[in-house]
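A short write-up of the structure that comes next.
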Amino acid sequence: MYAKVIVDVPAKQTNRAFDYSVPSSMKGWIEVGSRVGVPFGPRVLQGFVVELHDTTSVDPKRLKAVRHILDPAPPLTEELVELGHWMSETYLCHEVTALQAMLPGALKAKYERYVQVADIEADGSPSMLLLLPSQERIIDYLQRKTKVKMEDLLEAFPEDGGLIRDMLEEGLLLEKQGMKDRGSAKKALTVFPPGIKIKQNEAASVSHHEETRSEAGSPVPAAESPADSAASREPLNLARLADELPARSHKQKEVLLYLSENLKPIRLTELMDKLQVGASTVKGLADRGWIELREVEVMRDPYANRHFEETKPLPLTDEQQSVYDTIAATLDRREHQVYLLQGVTGSGKTEVYLQAISRCLEQGREAIVLVPEISLTPQMVERFKGRFGDEVAVMHSRLSAGERYDEWRKIMRRQVRVVIGARSAVFVPFRKIGLIIIDEEHESSYKQEESPKYHARDVAAWRARYHGAAVVLGSATPSLESIQRTRPAAGAGSEYKLLMMPSRVAGRPLPPVHIVDMREELRSGNRSMFSRALHRGLEQRLQKGEQTVLLLNRRGYATFVMCRTCGFVAGCPHCDISLTYHQVSRTLRCHYCGYAERQMELCPDCGSEHIRHFGTGTQRVEEELVKLFPGIRVIRMDVDTTTEKGSHEKWLTMFRNKQADVLLGTQMVAKGLDFPDVTLVGVIAADTVLNLPDFRSAERTFQLLTQVAGRAGRHTLPGEVFVQTYTPEHYSVITASRHDYDAFIAEELPHRRQLGYPPYCRLILVTITHEQIPLLVRTAEALTMRLRELGAMEQGRAASCGEDFFMDVLGPVASPIPRIKDRYRFQCVVKYRGEASASRIVSRVLDEFAERAAKEKMLISVDVDPQMLM
DNA sequence: AGCACGCCGACT
DNA sequence: GTCGGCGTGCTC
């Protein structure tokens with residue numbers, strides 16, 4: 001038997017499967033999706049089995065054997081292996097990178113090398129008998145310690161570098177390589193009363209593997225969990241044993257009596273806590289052999305100490321009911337269908353999700369719920385835990401690596417059937433998916449910025465198609481890509497079906513939104529960042545004891561330093577970007593390369609003293625608030641104040657408890673939050689996003705404004721929203737203020753069509769960087785030409801086959817940031833329509849240029865715009 | 001990514 | 001004459 005294995009080397013040359021023979025001992029055990037240890041060159045690496053065959057085309061003499069299987073059960077399903085392949089093609093990433101993204105970080109391999117003394121007995125070499133004193137010192141050192149790294153050894157014996165090398169050559173020392181997982185199951189000492197048969201949920205996972213580099217030994221399959229010994233013998237009467245103890249051992253008696261009444265395993269710490277005894281008391285009993293003490297795998301449960309109030313399905317409104325019925329019918333027919341559920345904020349989408357999930361579970365199928373990271377708040381978790389209890393696993397970035405690993409193991413063990421989580425939860429190893437829900441589907445956090453640059457929506461659609469499952473994309477402001485797909489395509493029906501929930505559940509009206517023209521403010525002499533209207537609003541809330549949310553988009557508002565006399569702007573010497581002022585350290589820093597310098601007192605160009613930082617960070621808004629309203633209590637939420645684990649929740653809880661008057665923050669305050677006493681929402685500057693050089697900027701602005709507008713007056717108190725802007729006439733501002741999605745779409749779609757942007761085409765961005773401009777430009781031009789050439793050929797081929805395919809290449813031009821870390825950057829953009837063959841063309845051209853690029857130390861990177869490929 | 005094999009400058 | 005620089009190429 002032979003296995004095709006993708007090895008853990010994310011490089012172009014190794015981005016293919018390698019063949020290995022499968023030892024007979026593994027035959028019943030290895031599967032597609034197994035994580036294995038395989039010899040690769042001189043080392044042993046982690047790999048993933050992607051195929052199993054009875055034949056191989058590789059010369060049998062060159063074949064090596066699979067060394068280990070790393071898990072009791074394959075961590076990937078066949079489906080996920082197939083998905084990984086699809087991802088590598090569509091997003092142009094290495095296949096391992098895609099597969100690795102599906103697993104919790106704990107399963108990522110850690111490789112380490114260390115020096116060991118050779119086994120003298122086995123070796124029997126006569127040279128062993130005569131050792132120099134210095135050799136003996138080295139051997140002694142190594143035998144005292146374990147896992148000594150080569151560099152540590154050389155550091156410990158700085159004089160003996162040559163000697164150590166000789167010893168390695170002679171075989172006195174061996175270099176070994178180890179591989180282990182980054183995280184592992186947590187173990188806890190557990191007390192077993194005698195006579196209790198232990199049920200291990202899972203064979204102990206094989207988490208540690210050692211190999212001698214030269215050794216070609218046969219693999220040892222993971223052992224079963226150690227045989228139950230004392231615990232399964234004939235039961236001892238604990239109560240009677242207690243009598244045998246001397247009178248002064250009353251603590252031990254207590255323990256025995258407790259255990260005789262509760263004949264079940266108990267965590268040592270729990271027992272100690274309950275009976276107020278020390279560890280030595282219990283260990284004493286274990287030494288007598290009356291009880292057994294041993295390490296058992298336990299689950300870390302981040303929600304262990306929380307009680308979740310059980311919630312019953314709520315009665316649905318007519319709107320909700322009809323949406324639910326449609327989804328339920330699709331589920332009942334086991335059909336694949338993507339629904340776009342457009343429901344205004346407060347229309348009760350979550351209740352529809354919950355009931356659809358119930359239906360899905362009744363059918364014995366599983367459900368995945370994706371929410372943007374930011375809205376995975378305790379309230380959201382509570383709602384799902386309250387309805388589905390222990391059937392729910394929660395996955396988000398605030399869990400520790402260990403906690404996340406345990407949630408994932410619950411899924412592997414089939415202990416849960418619902419997963420709620422952020423982007424990466426779309427990969428959970430379910431086998432019978434019936435429903436995938438993506439809440440706030442327009443959110444950009446569904447896009448992964450690092451490789452593999454996937455979009456959770458694409459992946460969800462792919463998996464749902466595979467499983468015959470339904471997808472529900474929910475949003476008040478759907479992405480244009482999704483809206484476009486609800487419209488009938490030429491000659492066919494629509495790809496997605498649109499479901500609408502236009503009214504709010506309790507009939508609460510949406511708050512009035514006032515657009516404030518900041519140019520007007522300036523003209524009438526108000527130089528403050530608060531308009532008179534917003535100022536008045538704040539004043540009123542403070543008087544009435546109501547709360548305010550203030551939103552500031554930091555992007556495009558970075559605090560740069562400028563000389564007011566000559567216009568000099570402090571820039572990074574390595575990147576073409578202005579430096580950002582950091583108040584805490586009083587330094588100027590570059591966000592791209594980390595360069596830092598002291599804040600200057602005088603302008604380096606003209607010597608003027610009139611140098612100051614411009615732009616408005618959240619700190620500056622806070623300062624101004626305190627100045628204008630002495631005594632005001634402000635909670636500021638931005639990257640500076642929320643990096644600490646749990647700080648996010650802490651601030652929000654404080655605000656909810658009315659320990660502050662104003663919540664001030666960036667995007668993160670806009671999303672999914674629901675505070676009853678907030679009656680005023682202010683957007684400091686609506687157009688910062690609008691001015692970004694991004695074709696989606698109008699869409700982003702509309703979405704953001706609509707979302708914040710929904711934050712005010714969610715409960716009994718009526719709300720009010722002020723949007724400050726320098727472009728009050730822009731359609732994204734106007735339509736958002738009227739809560740009018742359709743009007744926005746009607747303006748935006750023609751623009752996109754006219755300029756040939758998504759959703760009318762798809763984009764691939766190719767960026768080339770080099771230290772020298774002339775060579776860079778030449779290469780960029782050649783590459784663009786070649787892309788055009790192949791694009792035209794493909795277009796011709798497609799036309800003759802009657803396929804719809806269009807491809808255009810823009811550029812090359814300098815990138816938006818033309819230099820980073822002393823490397824110049826050029827880019828070209830591939831626009832295409834039709835089947836995804838453009839990515840194949842790009843990847844072919846990149847292959848053609850790879851050799852040349854490597855020679856010149858040129859870096860070429862590709863970004864598939866992962867917004868909607870399917 | 002590692003690591004080995006291989007061909008040209010400063011040292012015993 | 002050798003040690004060692006990192007260029008090139010392979011890993012089942």
Side-chain angles (χ1 to χ4, degrees), chain A residues 1-24 26-27 30 32 34-70 81 85 88 92-101 108-115 149-151 154 160-166 168-169 173-180 182 209-219 450-452 770-771 846-861:
Chain A
M1 195 196 239
Y2 305 98
K4 287 198 178 294
V5 175
I6 302 280
V7 294
D8 185 19
V9 183
K12 181 158 265 163
Q13 296 186 41
T14 48
N15 190 31
R16 62 186 177 91
F18 287 81
D19 286 12
Y20 287 88
S21 62
V22 176
S24 53
M26 291 184 190
K27 273 182 190 160
I30 197 165
V32 168
S34 290
R35 201 167 58 109
V36 291
V38 289
F40 193 70
R43 16 179 219 158
V44 176
L45 295 181
Q46 188 186 90
F48 296 95
V49 176
V50 293
E51 275 178 56
L52 287 169
H53 291 286
D54 288 324
T55 55
T56 175
S57 52
V58 178
D59 174 9
K61 282 193 285 295
R62 300 205 321 163
L63 270 186
K64 291 182 184 171
V66 176
R67 282 283 170 84
H68 329 93
I69 299 180
L70 303 183
V81 167
H85 187 74
S88 73
L92 302 170
C93 68
H94 302 123
E95 212 162 329
V96 246
T97 315
L99 295 175
Q100 205 84 69
K108 191 158 166 47
K110 224 163 61 179
Y111 302 100
E112 54 189 13
R113 298 182 53 187
Y114 51 92
V115 193
K149 289 198 196 91
M150 182 57 88
E151 58 256 44
L154 290 173
D160 300 327
L163 185 66
I164 290 169
R165 205 184 53 222
D166 292 345
L168 277 165
E169 234 159 68
L173 300 180
L174 295 175
E175 248 194 296
K176 289 226 196 174
Q177 181 227 12
M179 172 176 71
K180 65 177 187 189
R182 249 158 234 271
H209 294 272
E210 309 276 309
E211 284 303 320
T212 304
R213 292 177 65 199
S214 51
E215 183 188 308
S218 61
E450 307 87 54
S451 182
H770 196 263
E771 290 176 349
L846 253 53
D847 280 343
E848 289 175 7
F849 277 74
E851 205 181 323
R852 193 167 145 192
K855 211 171 272 172
E856 311 279 8
K857 297 208 168 135
M858 181 131 9
L859 295 178
I860 307 181
S861 77

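We use all heavy atoms of the structure for the numbers below, so side chains are in, but hydrogens, waters and symmetry mates are not. Just so we're on the same page: letters track the sequence lines, and every chain starts at 1.
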- Query: Closest heavy-atom contact between A:Lys64 and A:Gly41?
  - Reply: NZ-O, 3.2 Å
- Message: Please give me the minimum heavy-atom distance between A:Ala98 and A:Cys93, naming the atom from each residue.
- Response: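 Minimum heavy-atom contact is CB-SG, 4.1 Å.
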In residues 2-9 of chain A, what donor-acceptor pairs under 3.5 Å come from side-chain atoms, sequence neighbours left out?
residue, atom, partner, partner atom, Å
A:Lys4, NZ, A:Asp19, OD1, 2.9
A:Lys4, NZ, A:Asp19, OD2, 3.4
A:Asp8, OD2, A:Tyr111, OH, 2.9

- Item | Pairing residues for A:Asp59 by the side chain to side chain contact (heavy atoms under 4.5 Å, CB included) criterion, not counting sequence neighbours | A:Lys61, A:Arg62
- Message: Between A:Gln177 (side chain only) and A:Val44 (backbone N and O only), is there a donor and an acceptor less than 3.5 Å apart?
- Response: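 Confirmed, A:Gln177 side chain pairs with A:Val44 backbone.
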- Query: Do the side-chain N or O atoms of A:Arg113 get closer than 4.0 angstrom to the phosphate oxygens (OP1, OP2) of B:dA1?
  - Reply: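 No, because none of the side-chain N or O atoms of A:Arg113 sits under 4.0 Å from OP1 or OP2 of B:dA1.
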- Item | Within-4.5 Å side-chain heavy-atom neighbours: A:Val96 and A:Gln46 | no
What is the distance, to the nearest angstrom, from the [atom1] atom on [X] to the [atom2] atom on [N]?
{"X": "A:Met179", "N": "B:dA1", "atom1": "CE", "atom2": "C1'", "answer": "15 Å"}
{"X": "A:Arg43", "N": "B:dC3", "atom1": "CZ", "atom2": "P", "answer": "6 Å"}
{"X": "A:Tyr111", "N": "B:dC3", "atom1": "OH", "atom2": "C1'", "answer": "15 Å"}
{"X": "A:Lys110", "N": "B:dA1", "atom1": "NZ", "atom2": "C1'", "answer": "18 Å"}
{"X": "A:His94", "N": "B:dA1", "atom1": "NE2", "atom2": "P", "answer": "8 Å"}
{"X": "A:Gln46", "N": "B:dA1", "atom1": "CD", "atom2": "P", "answer": "17 Å"}

- Message: Distance under 4.0 Å to a non-hydrogen atom of chain A counts as contact; along DNA chain C, which nucleotides mark the start and end?
- Response: C:dC10 to C:dC12
- Message: At 4.0 Å (heavy atoms only), tell me whether A:Phe40 reaches a base, stays on the sugar-phosphate, or touches nothing.
- Response: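 Answer is base: heavy atoms of A:Phe40 come under 4.0 Å of a base.
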